[in-house]
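The structure appears right after this line, and notes come after that.
First the proteins, then the strands, lettered A, B, ... as listed; each starts at 1.
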Amino acid sequence: MPVRVRIAPSPTGDPHVGTAYVALFNRTWARRNGGQFLLRIEDTDRARSNPESERMIFESLKWLGLTYDEGPDVGGPTGPYRQSERVSIYPKHAKDLVEKGAAYYCTCTADRLEAVRKAQSAAKLAPRYDGHCRNLPPAEVKKQIDAGAPWVIRLKVANEGECRFKDVVRGEVVFAWDQIDDQILLKSDGWPTYHLANVVDDHLMGITHVIRAEEWISSTPKHIKLYEVFGWEPPVWCHVPLLRNKDKSKISKRKNPTSLNWYRDQGYLPEALVNFLGLMGFSMPAGLEVYSPAEMEKEFTIEKINAGGPVFDMQKLDWMNGQYMRKLSAEELAKRLGPFGAAGKDPALVKRIVPLIQDRLRVLSDFGELTSFFFAETVEHDPAVLVGKKSTAAETASLLAAAVEVLKSCEWTAAAMEGKLREVATSKNIKPGDLFMPIRIAVTGKAATPPLTETMEVIGKEKCLARLEAARKRLSPG
RNA sequence: GGGCGUGUCGGCUAGAGGCAGGCCUUCAGGUUCUCAGCCUGACAGCGAGGGUUCGAUUCCCUCCACGCCUACCA
């Protein structure tokens, strides 16, 4: 049987980094086995689902290269892949279960359920459905429904024995059946809950391995019960850990960026983010950390996923991003910088700048901050910083004057300028750095830049001399 | 409260009944005109307590901590 796996995100809010994380494991498993990876949109929550959110899921998965073989926007043999387009499928399955005696109609109102829960929690009992309608004669419930009472269908769960299943990541997991609630399967609006839709669709779509987040482990017994009462073969269960905030709680946007859009907009390279996600829970032989999806496919098995929840460490992500940015050719990096400010600029100039900043970028959006002085007409600087703590305005002005003097007649190459400026430093009996720094600040407005003379070469003679002269004049007018 | 899950340097992880290794971060040197990068090196860990064993971080038990679930959300 071919491996078929899926991710089933809900289109609510921004595309989530956890979706990408689970997608990576699913897709890698499918590819390793020559199987299929599907995307199914679980939009049965009509209040929260929205099309924009769905569109961003498609977009961000493609941005990351986490492409799927079947999905709402790419089609496939077991579609539709959007649960809102499958709503007609679920009620008959739910009713089928009622006929089999595995589920029942329930007409309890929200008010009653809330009152029951309140009483239970006051009595320090587990809040759960009390079985009210389950224990009523079916005819009684039917009478209420015929009279127009809203109804749902609930799963009838046994209250004795235990549910055992093997989880590939965690080993055997056991739940007592009496801990499992009579879950609503079909809501009063006729739409399915996650539990019903998920099981029905996974079956109909031929899903062989359910690789999903750990938060689902508690509802797995309900799903297993559903497979059992439908008479279907359950998939292999694999619950991967949840990404965590620094404080180890489930990753959340309040404490850590979770939107894939954010990572894209900051200028994290998709291949770096995917590689980083792979490190969370999975490790390659020999401790290899920088690797491609193809390399991961050769080594990946679900058993090797760590069960512990990994803290999402931005510092290591930054490092990983640096690894990938430095591997890029200058041409490719220039292209990637396009959306971050490079696109509107003179391509020839950008081409000369990129090698100077390649080692200095943390994320692509650093581009503007790192290169502003290449494009500006003039630069601003603080005279106090220009002069520094160890010098005086007069001394600094004289250094700048001397620099202007030799640069005026200097061949405008980094090497020639460096030679001349070192001669100046020697003749003034100062360290090269004490000369280079005021020039750097005068020319770029910044204390940290790429190597000075290489930078000046790219900025150009006219601008550099004008900036030096302007800085000198501020220190000693006239 | 209940159920389930998880505990190896600050973070990500490798490991095996016999010297706990790698990566990120941090720190210290080196390269250097600054920053970054790069190179060297250093600091730092088996949650706690009991057992089994010649020997336990590894196997067993108890405890503790943390996380998730406990919806007509997913």
Looking at every strand, decide which applies to [X] at a 4.0 Å heavy-atom threshold: base, sugar-phosphate, or nothing.
X: Glu289(A); result: base
X: Gly322(A); result: nothing
X: Leu452(A); result: base
X: Arg170(A); result: sugar-phosphate
X: Trp216(A); result: base
X: Cys163(A); result: nothing
X: Pro451(A); result: base
X: Phe175(A); result: sugar-phosphate
X: Arg117(A); result: sugar-phosphate
X: Val152(A); result: base
X: Pro285(A); result: nothing
X: Ala447(A); result: base
X: Thr449(A); result: base
X: Gly433(A); result: sugar-phosphate

Nearest to side-chain heavy atoms of [X], which nucleotide of [options]:
X: Trp319(A); options: A74(B), C12(B), C24(B); result: C24(B)
X: Ser10(A); options: A74(B), C24(B), C4(B); result: A74(B)
X: Ser188(A); options: C38(B), C72(B), U13(B); result: C72(B)
X: Pro127(A); options: A14(B), A71(B), G11(B); result: A71(B)
X: Asp313(A); options: G3(B), G11(B), G5(B); result: G11(B)
X: Thr193(A); options: C12(B), G5(B), C72(B); result: C72(B)

Q | Ion pair Arg164(A)/Glu162(A), N-O distance below 4.0 Å | A | yes

Suppose you measure atom [atom1] in [N] against the same atom in [M]; what distance do you get, rounded to whole Å?
N: G15(B); M: C72(B); atom1: C1'; result: 49 Å
N: C4(B); M: C9(B); atom1: P; result: 26 Å
N: U58(B); M: G47(B); atom1: P; result: 8 Å
N: U57(B); M: G49(B); atom1: C1'; result: 15 Å
N: A20(B); M: C60(B); atom1: P; result: 22 Å
N: U26(B); M: A36(B); atom1: P; result: 10 Å
N: C73(B); M: A14(B); atom1: C1'; result: 39 Å
N: C64(B); M: G50(B); atom1: C1'; result: 14 Å

Q. For the side chain of Lys446(A) and the base of C35(B), is some donor closer than 3.5 Å to an acceptor across the two?
A. no

Tell me the interatomic distance from [X], atom [atom1], to [N], atom [atom2], rounded to whole angstroms.
X: Arg360(A); N: A36(B); atom1: CZ; atom2: C1'; result: 5 Å
X: Ile251(A); N: C66(B); atom1: CD1; atom2: P; result: 20 Å
X: Leu328(A); N: G37(B); atom1: CG; atom2: C1'; result: 16 Å
X: Arg362(A); N: G37(B); atom1: CZ; atom2: P; result: 12 Å
X: Lys222(A); N: C72(B); atom1: NZ; atom2: C1'; result: 12 Å
X: Glu214(A); N: C68(B); atom1: CD; atom2: P; result: 9 Å
X: Asn321(A); N: U25(B); atom1: CG; atom2: P; result: 13 Å
X: Asp111(A); N: A71(B); atom1: CG; atom2: P; result: 17 Å

For the residue pair [X] and [Y], confirm or rule out a side-chain donor-acceptor distance under 3.5 Å.
X: His381(A); Y: Thr444(A); answer: no
X: Ser53(A); Y: Asp14(A); answer: no
X: Thr109(A); Y: Asp111(A); answer: no

Q: Please tell me which of Glu418(A) and Gly308(A) maps to the more 5' nucleotide of RNA chain B, matching each residue to the nucleotide holding its nearest heavy atom.
A: Gly308(A)

Q.
Quick check on RNA chain B: between Gly287(A) and Arg48(A), whose nearest nucleotide comes earlier from the 5' end?
A. Gly287(A)

For [N], give the paired nucleotide (Watson-Crick: N1-N3 plus N6-O4 or O6-N4; G-U: N1-O2 and O6-N3; both under 3.5 Å), or none.
N: C54(B); answer: G18(B)
N: U31(B); answer: G37(B)
N: C43(B); answer: none
N: G3(B); answer: C68(B)
N: U62(B); answer: A48(B)

Q. Which atom names give the shortest non-hydrogen contact between Cys133(A) and Val141(A), and what distance separates them?
A. O-CG2, 4.0 Å

Q: Could you pull out the closest heavy-atom pair between Ser249(A) and Lys255(A), with the gap in Å?
A: OG-NZ, 3.5 Å

Exceeds 12 heavy-atom contacts within 6.0 angstrom, atom [atom1] of [X]:
X: Glu52(A); atom1: CD; result: yes
X: Glu303(A); atom1: CD; result: yes
X: Glu380(A); atom1: CD; result: no

Q) Looking at Phe165(A), Phe175(A), Tyr194(A), which one forms a ring pair (Phe, Tyr, Trp, His ring centres under 6.0 Å) with His223(A)? A) Tyr194(A)

Think [X] has a side-chain N or O under 4.0 angstrom from the OP1 or OP2 of [N]?
X: Lys187(A); N: A74(B); value: yes
X: Ser218(A); N: U70(B); value: no
X: Thr44(A); N: A74(B); value: yes

Q: Go through the steps to decide whether Asp45(A) and Trp191(A) satisfy the test side chain to side chain contact (heavy atoms under 4.5 Å, CB included), and finish with yes or no.
A: CA-CA 9 Å; Asp45(A) 183 343; Trp191(A) 283 43; over 6 Å; no

Q. Once the angle between the rings of Phe58(A) and Tyr68(A) is folded into 0 to 90°, is it parallel (under 30°), tilted (30 to 60°) or perpendicular (over 60°)?
A. tilted

Q: Scan residues 234-250 of chain A against RNA chain B and write down, sorted by residue number, each residue with any heavy atom closer than 4.0 Å; if none is found, say none.
A: Leu242(A), Arg244(A), Lys248(A), Ser249(A), Lys250(A)

